[in-house]
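These numbers come from the heavy atoms of this one structure, side chains and all, not from hydrogens, waters or symmetry mates. Since this is a predicted model, take the numbers as computed values, not measurements. Counting begins at 1 with the first residue of the sequence.
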Amino acid sequence: MERINELRLKLERYSDRTPQDELLCELILAICSESVDIIQRRKLVDRLFRKLQLSPKLSKVSHPYYLQAQNKTWLWLNKHLHEFNPQRSPIQASLVTWVNGHLRYRIQDLYTGKNSKNQNTLPLEALETSGFYGCLDALDLEIERIDREEKQALVRDIANYFQGDPQQELRNSHPRNRPDCNCQIIAQKLLLDESPAKMATIARQLNIKEQTIRSFWRRTGFSKIKKIAVKIAEKYPQVLAEL
């Protein structure tokens with residue numbers, strides 16, 4: 001439990017508060033809360049692998065050992081995800097960087113292993129400087145551009161909906177007797193402001209106990225905005241596949 005709490009604090013520190021990053025944090029914590037041999041964990045890990053494979057930042061190279069190295073990397077990630085130590089925001093970028101580091105190590109490990117008798121084996125530094133790793137071809141770049149534009153459009157649609165709240169479902173969702181601390185206000189401060197606030201700061205601004213607002217957000221608020229965001233994302237099937 002202590003290890004999970006430490007990981008949660010690290011994720012909260014570096015999350016960029018977007019729905020996508022918050023969902024990723026939620027998935028990582030759910031995986032780490034289950035034992036490695038539990039079926040539910042395997043299903044959650046499969047979801048994480050699919051999300052990572054859709055990332056345009058995941059290293060993709062034309063190398064005979066790439067798929068083998070990737071499979072070994074997935075096995076390693078399943079066993080060591082609890083050791084993830086994000087270094088920057090957003091969480092997804094930090095996680096992909098971490099995975100890429102191990103993936104490159106695996107490729108080099110397989111390469112040197114298969115060629116241990118070859119005195120001309122290239123060192124890791126030579127492979128790095130030659131641009132062997134992480135190079136996206138023209139198709140990859142085009143996919144990345146389209147993906148980025150769709151995500152930006154989705155974020156705009158979600159932000160506009162939260163700000164307008166046409167059905168008043170966000171404004172009508174709040175802790176008991178505190179309509180001034182409703183879901184719309186919290187989402188605005190936590191997710192939409194140019195400089196998103198932390199929950200402790202929001203609690204002070206709204207003069208409400210931090211535990212009360214955290215509990216409300218965890219039990220009600222986040223699930224409500226997640227439901228709205230997923231419904232809006234139905235117009236963007238490629239982005240929805242990553243949620």
Side-chain angles (χ1 to χ4, degrees), residues 7 10-11 14-32 36 41-114 122 124-155 230 233 236-243:
L7 178 58
K10 293 176 182 177
L11 296 176
Y14 287 101
S15 170
D16 64 2
R17 308 302 179 189
T18 60
Q20 184 175 1
D21 228 34
E22 290 291 287
L23 288 170
L24 179 58
C25 292
E26 189 178 272
L27 178 57
I28 291 172
L29 290 172
I31 292 172
C32 293
V36 176
R41 176 180 172 119
R42 295 175 188 171
K43 293 179 180 179
L44 294 171
V45 168
D46 285 342
R47 281 179 54 195
L48 179 61
F49 290 170
R50 288 195 298 271
K51 288 174 73 70
L52 289 173
Q53 287 173 323
L54 287 169
S55 172
K57 299 300 182 182
L58 184 71
S59 288
K60 301 177 179 71
V61 295
S62 298
H63 190 283
Y65 304 139
Y66 177 77
L67 291 179
Q68 187 177 354
Q70 189 182 64
N71 288 335
K72 287 180 176 292
T73 297
W74 295 152
L75 292 173
W76 164 82
L77 185 62
N78 182 32
K79 292 182 179 180
H80 297 277
L81 182 60
H82 62 278
E83 298 174 4
F84 175 47
N85 185 26
Q87 299 295 316
R88 62 190 176 96
S89 181
I91 292 298
Q92 180 169 341
S94 192
L95 179 61
V96 170
T97 298
W98 189 51
V99 171
N100 278 344
H102 192 82
L103 180 57
R104 293 169 182 174
Y105 162 76
R106 284 297 181 184
I107 293 175
Q108 172 66 7
D109 185 55
L110 289 168
Y111 185 86
T112 55
K114 297 292 185 179
L122 289 174
L124 179 60
E125 291 78 7
L127 293 176
E128 291 282 1
T129 56
S130 67
F132 179 79
Y133 297 122
C135 295
L136 296 174
D137 59 21
L139 178 59
D140 288 324
L141 291 173
E142 179 64 12
I143 291 174
E144 182 179 1
R145 182 188 66 77
I146 295 172
D147 184 53
R148 183 172 60 252
E149 289 180 354
E150 285 199 348
K151 287 179 179 177
Q152 290 172 346
L154 172 58
V155 169
V230 170
Y236 303 87
Q238 181 59 37
V239 180
L240 184 62
E242 300 181 26
L243 296 178

[atom1]/[X] to [atom2]/[Y] distance, rounded to the nearest 0.5 angstrom?
X	Y	atom1	atom2	answer
S15	I28	OG	CD1	10.0 Å
W98	E83	CH2	CD	6.0 Å
T73	R104	OG1	CZ	11.5 Å
L81	W76	CG	CH2	8.5 Å
K57	N100	NZ	CG	10.5 Å
Q20	C25	CD	SG	11.0 Å

Answer whether the closest heavy-atom distance between the side chains of [X] and [Y] falls below 4.5 Å.
X	Y	value
L95	Q92	no
R88	T97	yes
C32	L7	yes
H102	L77	no
I91	F84	yes
W74	Q53	yes

- Message: Considering only residues two or more places apart or on different chains, which pairs with a residue in residues 15-31 satisfy salt bridge (Lys or Arg N to Asp or Glu O under 4.0 Å)?
- Response: R17-E22, E26-K226
- Task: Applying side-chain hydrogen bond (donor to acceptor under 3.5 Å, both in side chains), name anything that partners S89, two or more places apart in sequence or on another chain.
- Result: none
- Sorted by chain and residue number, the ring pair (Phe, Tyr, Trp, His ring centres under 6.0 Å) partners of H82 (sequence neighbours excluded) come out as none
- Query: Considering residues at least two apart in sequence or located in another chain, which fulfil the ring pair (Phe, Tyr, Trp, His ring centres under 6.0 Å) criterion with Y14?
  - Reply: none
- For L27, all residues meeting side chain to side chain contact (heavy atoms under 4.5 Å, CB included), sequence neighbours excluded: I31, L44, R47, L48, K51
- Note on the structure: Residues passing the side chain to side chain contact (heavy atoms under 4.5 Å, CB included) test with A69, sequence neighbours excluded, are L103, R106, I107, L110
- Item | Residue K10 excluded, over 12 heavy atoms near NZ under 6.0 Å | yes
- Minimum heavy-atom separation for P86 to S94, with atom names? CA-OG, 3.2 Å
- Working for side-chain contact (heavy atoms from CB on, under 4.5 Å), residues R42 and V45: CA-CA 5 Å; R42 295 175 188 171; V45 168; 5.6 Å; no
